[in-house]
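Numbered from 1 within each chain, the chains take letters A, B, ... in sequence-line order.
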Number of protein chains: 2
Amino acid sequence: MKKYFNILRKCQLFDGIDDNDLFKMLTCLGAKVIEFDKKYTIIAEQSKATYLGIVLSGSADVVQIDYYGNRSILSKVLTSEIFAEAFACAGVQSIPISVIANEPSEIMLIDASHILHTCSNNCGFHQQLIFNLMKILANKNLEFYERIEITSKRTTREKLLTYLGLQAKRAGSNQFYIPFNRQDLADYLEVDRSGLSAEISKLRQEGVLNSRKNQFELL
Amino acid sequence: MKKYFNILRKCQLFDGIDDNDLFKMLTCLGAKVIEFDKKYTIIAEQSKATYLGIVLSGSADVVQIDYYGNRSILSKVLTSEIFAEAFACAGVQSIPISVIANEPSEIMLIDASHILHTCSNNCGFHQQLIFNLMKILANKNLEFYERIEITSKRTTREKLLTYLGLQAKRAGSNQFYIPFNRQDLADYLEVDRSGLSAEISKLRQEGVLNSRKNQFELL
DNA sequence: GAAATTCTGTTGAATTTTCAACAAAACGGA
DNA sequence: TCCGTTTTGTTGAAAATTCAACAGAATTTC
């Protein structure tokens, strides 16, 4: 477990918890680590909302697939980030999304009820974890507002430019990398992949941007 | 303040707080009540994220308007529900949405920092409020997942049917009222109003649904 | 109760997206 | 390095959306 401490220290869930307590806490929480290969399902749609997950290495996608087979990427989860906490905290019966490993990944799973309910050992860290969860959930909410700002645009061009604008702002530079390939970006923006490729080409011709693979530059 | 107690008891933020403590608590939190007429701005975009709000009477819309003037309705806030808590809890500099009164409404505003930080009076209720906020934020996250499930559909018809299906499920009946007029529904589904009207007419002709104003029946 | 305002449904044209199919490029494994 | 697989870009046709304009219905205001 100790080999993950450098990652866990960066995880917002453990803000304000000092290293000495972390190991004890993980034991008390019954945290377990599982490895997933690329494309493997970490959390399956319609399963029970028991666990929240932390990405120790690799990355994962939170996706939704409707009955026509159309895929939406709801969010990307990178190393040291947490996922599925909303379902576990809200105590839903059936999870409406899937979480899929994006590459070979090590995932820590924690039974959320162990965090939310005081344990018999009377550990003192529950309050801190609940406060951290509250912060994390508030920030996830903000991510959704951002995503809606993007996907509420009516054209592929507008969605793309809104997305790229936000990424540039985040990177603090007109040159930046995005964490998506074309199909994934299309599934995030809720548009057709081929139309997206065409739009990127057009914007390049118009001199609005440069791009090479997943590197973009706004001009 | 006491006249609002029946509403406040229904507000999730005060779950587990007993009536005797509620009044004291509201004073300690510096809660204030303000009335807003229809269409008045309760929280303005780009303002500082200081307050969270509770609807004591009436209702409000959380909206986003882009530089083309296109309006999105992100969510509807009904009596006894809470809004803007994510921005206050996450401590953002500038709020990316506006909250607009949908009818004459009484709104309670609470400075979120008074909830998140223990006060000098050393009140014992902060932990409970933070736990409640965590629950509320988790549930708001679920609402977003639902909204994305709806708006990720590519056609007006699919968006509408997905939305109506969820409403029917929620109502536990094929007959139900929706809280939107046509324009508002279009702004929630992210589609064109006239196209939405046309689609509803077509579905009625096809025998898929009945509707009269904001009452719908799925057949 | 009349007038003014708001809301809803309809229509056709212009724009845009989706879909399917294919070829070129990039990537990964043996 | 070669081969098979995956990813990306292109294209044209079909389908759907948006936009603008208008008329009738419903609602509000005075």
* Asked: Do B:Arg170's NZ or CZ and the ring of B:Phe176 fall within the cation-pi criteria of under 6.0 Å and 45°?
  -> no
* **Spacing of A:Glu158 atom CD relative to D:dT17 atom C1', expressed in whole Å** => 15 Å
* Structure fact -> To the nearest angstrom, the CZ-P distance between B:Arg182 and D:dT27 comes to 13 Å
* Asked: Applying the side-chain hydrogen bond (donor to acceptor under 3.5 Å, both in side chains) test to A:Asp187, which of A:Arg182, A:Arg193, A:Arg71, A:Gln64 qualifies?
  -> A:Arg71
* Structure fact -> Only residue of B:Leu196, B:Val191, B:Leu164 satisfying side chain to side chain contact (heavy atoms under 4.5 Å, CB included) with B:Leu185 is B:Leu196
* **Integer-rounded Å distance: C:dT8 C1' and B:Phe216 CZ** => 12 Å
* Name of the residue among B:Leu8, B:Ile34, B:Ile82, B:Ile7 meeting side chain to side chain contact (heavy atoms under 4.5 Å, CB included) with B:Met108 -> B:Leu8
* **Gap between atoms CG and C1', on B:Asn181 and C:dT6 respectively (whole Å)** => 10 Å
* Using a 4.5 Å cut-off on heavy atoms from C-beta on, say whether the side chain of A:Phe36 contacts that of A:Asn102. => no
* Asked: Looking at side-chain heavy atoms only, is the closest gap between B:Ile65 and B:Asn70 below 4.5 Å?
  -> no
* To do: Please report, rounded to the nearest Å, how far the C1' atom of C:dT10 is from the CD atom of B:Gln205.
  => 11 Å
* Asked: Rounding to a whole Å, what distance do you find between A:Gln215:CD and D:dT7:C1'?
  -> 18 Å
* Asked: Any luck finding a side-chain donor-acceptor pair between B:Ser94 and B:Gln46 under 3.5 Å?
  -> no
* Structure fact -> From CG of B:Asn214 across to P of C:dT8 the rounded distance in Å is 9 Å
* What is the distance, rounded to the nearest whole Å, between atom CD of B:Glu103 and atom P of D:dT27? -> 16 Å
* Side chains of A:Tyr145 and A:Ile150: does their closest heavy-atom pair fall under 4.5 Å? -> no
* **Base-contact (B) and sugar-phosphate-only (S) positions in nucleotides 14-29 of chain C, heavy-atom cut-off under 4.0 Å, - elsewhere** => --SSSBB------S--
* Any side-chain donor near an acceptor of the partner, B:Glu190 and B:Ser72, under 3.5 Å -> yes
* To do: Under 4.0 Å between any heavy atoms, over every strand shown, what does A:Ser201 touch: base, sugar-phosphate, or nothing? Just pick one.
  => sugar-phosphate
* To do: Specify the angle, to 10°, made by the local axes at the two ends of the helix from C:dG1-D:dC30 to C:dA30-D:dT1 when five pairs are taken at each end.
  => 60°
